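Chain letters run A, B, ... following the sequence lines, proteins first and then strands; every chain starts at 1. Since the model is a prediction, treat every value here as computed from it, not as a measurement.
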2 protein chains.
Amino acid sequence: MPKRFPHPSVTVDVAIFTLRDDDLQVLLVKRKAAPYAGRWAIPGGFVRMDEPLEAAARRELEESGVRDVYMEQLYTFGDPKRDPRERVITVVYFALVPAPLAVRAGGDAADACWWSMYDLPALAFDHADILDYALTRLRYKLEYTAVGFHLLPETFTLSELQKAYEVVLGAGLDKRNFRRKILDAQVIEETGEYRTGEGRPAMLYRYRSDAVAEVRARRLFP
Amino acid sequence: MPKRFPHPSVTVDVAIFTLRDDDLQVLLVKRKAAPYAGRWAIPGGFVRMDEPLEAAARRELEESGVRDVYMEQLYTFGDPKRDPRERVITVVYFALVPAPLAVRAGGDAADACWWSMYDLPALAFDHADILDYALTRLRYKLEYTAVGFHLLPETFTLSELQKAYEVVLGAGLDKRNFRRKILDAQVIEETGEYRTGEGRPAMLYRYRSDAVAEVRARRLFP
DNA sequence: TCAAAAGTGTTTGTGGTACACCCATGG
DNA sequence: CCATGGGTGTACCACAAACACTTTTGA
């Protein structure tokens, strides 16, 4: 294929979510270089010529100190003006990480830290739109698949799980209904261990990796 | 941004679906040039430097003789080996067209015609994977949104609508339940006209453009 | 009057939601 | 013994699924 057309740049960006302090947070890096030097952005970088898109996204995760996490492709943003320098098409992934790991500023980043999704700073490029879209998708998936477990450590109590859902969905849930439904769904199992603390100790559960993690959507039409 | 990295090619490809002869069909074009000359492929082409991705996809549609149709971004495929010549990342859209319009072979195509999704020829590149994924997504969306109407002409009978759903979903549906549910959902309205033919004439309906076209998914957790 | 397709209701089961109290532990 | 969070059941309503016959027209 002769280069009959000039080629745009292609990057991957990753929206990395976690739960910290009963809050849904996203990892942002502070840009070192122009454009938008000093502005916060989601981690990202160029796709190498011999590298699958998903591998590029995992490389970005690792540069931020995050590995072995749930990740899926979100959407591709390609507005011609989204980068002021040249045409950059970005394939965005989103990732869910289970714990408030230490993060580091890799590559082009001067700094990296977690920000509440409900209180974001001004962002570089179209990253505010990207995070809007990512949150919508996260909430949506949470409602009909079991991705929520990827935001929690390996073992957790039912109250912690419920809190996680409440934080992401931005709404309160009924304790008895939550417990009945999640236990009926057979996606978690008891570990036999208890977590002690204030009040009565709570059973620790783990996610069953053999669980059917998706529920059939209620159909609009029969 | 200096070109610190070589840039891949970026294309858009479009999976265009319609209903013909009580069958779900997809528009394929016969490739004129190498690689895969003579093989069938979904329509696609390069993204121009000043062109939004969706505009590029609509341009591909128009080159195939299709316009004013439902379209959404599907997924981005970027395996380094998916094109034997060089790195090509493709952003795939899918489109639903209402009628078996005449189609034409635009651009690099020697020929263009409709093929049954249930009986496809050998395809170029990774287009078989792409269509697999597109069908899964189409079925999924059909179940919880009203995109199905975009496969039908402006007016249609309930039997035609039901048939459309059955063909796409690959399963039979109960007539009374189908009718009750779709009428209760208030997404279609009577036109007052009837379609005559063999047997009793059938009321013609049209899609209500003000309809709420999405239903809340059954949630895995409360 | 027959063939062909359109149209129409009821019953039964399952899942969703709302709601308030007792239990086990640590201090 | 009290404060704290953990854990439990039931009643009502809405929606899903199964199921068979009558109506209207053209030939």
Quiz item: Can you tell me if A/T155 and A/T191 form a side-chain donor-acceptor pair at under 3.5 Å?
Solution: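 Side-chain D/A pair, A/T155 to A/T191: absent.
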Practice problem: Verify whether one side chain among A/S64 and A/R59 offers a donor that lies under 3.5 Å from an acceptor in the other. | Solution: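 Not at all, the side chains of A/S64 and A/R59 share no donor-acceptor pair under 3.5 Å.
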Quiz prompt | Ring centre gap for B/F149 and B/F156 strictly below 6.0 Å | solution =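 Yes, close enough.
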Exercise. Ignoring backbone atoms, test whether B/S159 places a side-chain nitrogen or oxygen under 4.0 Å from the OP1 or OP2 oxygen of C/dA6.
Key: yes
Distance, rounded to the nearest Å, where [X] contributes [atom1] and [N] contributes [atom2]:
X	N	atom1	atom2	result
A/F178	C/dG15	CZ	P	18 Å
B/E160	C/dG7	CD	P	11 Å
B/R195	D/dG26	CZ	P	15 Å
B/L183	C/dG9	CG	C1'	14 Å
B/L173	D/dA17	CG	C1'	12 Å
B/R179	D/dT23	CZ	C1'	12 Å
A/Y194	D/dG7	OH	C1'	11 Å
B/K181	D/dA16	NZ	C1'	7 Å

Quiz item: Under 3.5 Å, side chain of A/R39 to main-chain N/O of A/L123, donor-acceptor pair present?
Solution: yes
Exercise. Could you tell me whether A/R58 and A/E62 make a salt bridge, using a distance below 4.0 angstrom between a side-chain N and a carboxylate O?
Key: no
Exercise. Please determine if B/K141 and B/E72 form a salt bridge, counting it only when a charged side-chain N lies under 4.0 Å from a carboxylate O.
Key: yes
Self-check item: Base versus backbone protein contacts along nucleotides 19-27 of chain C [heavy-atom cut-off under 4.0 Å; B, S, -]
Solution: BB--BBBS-
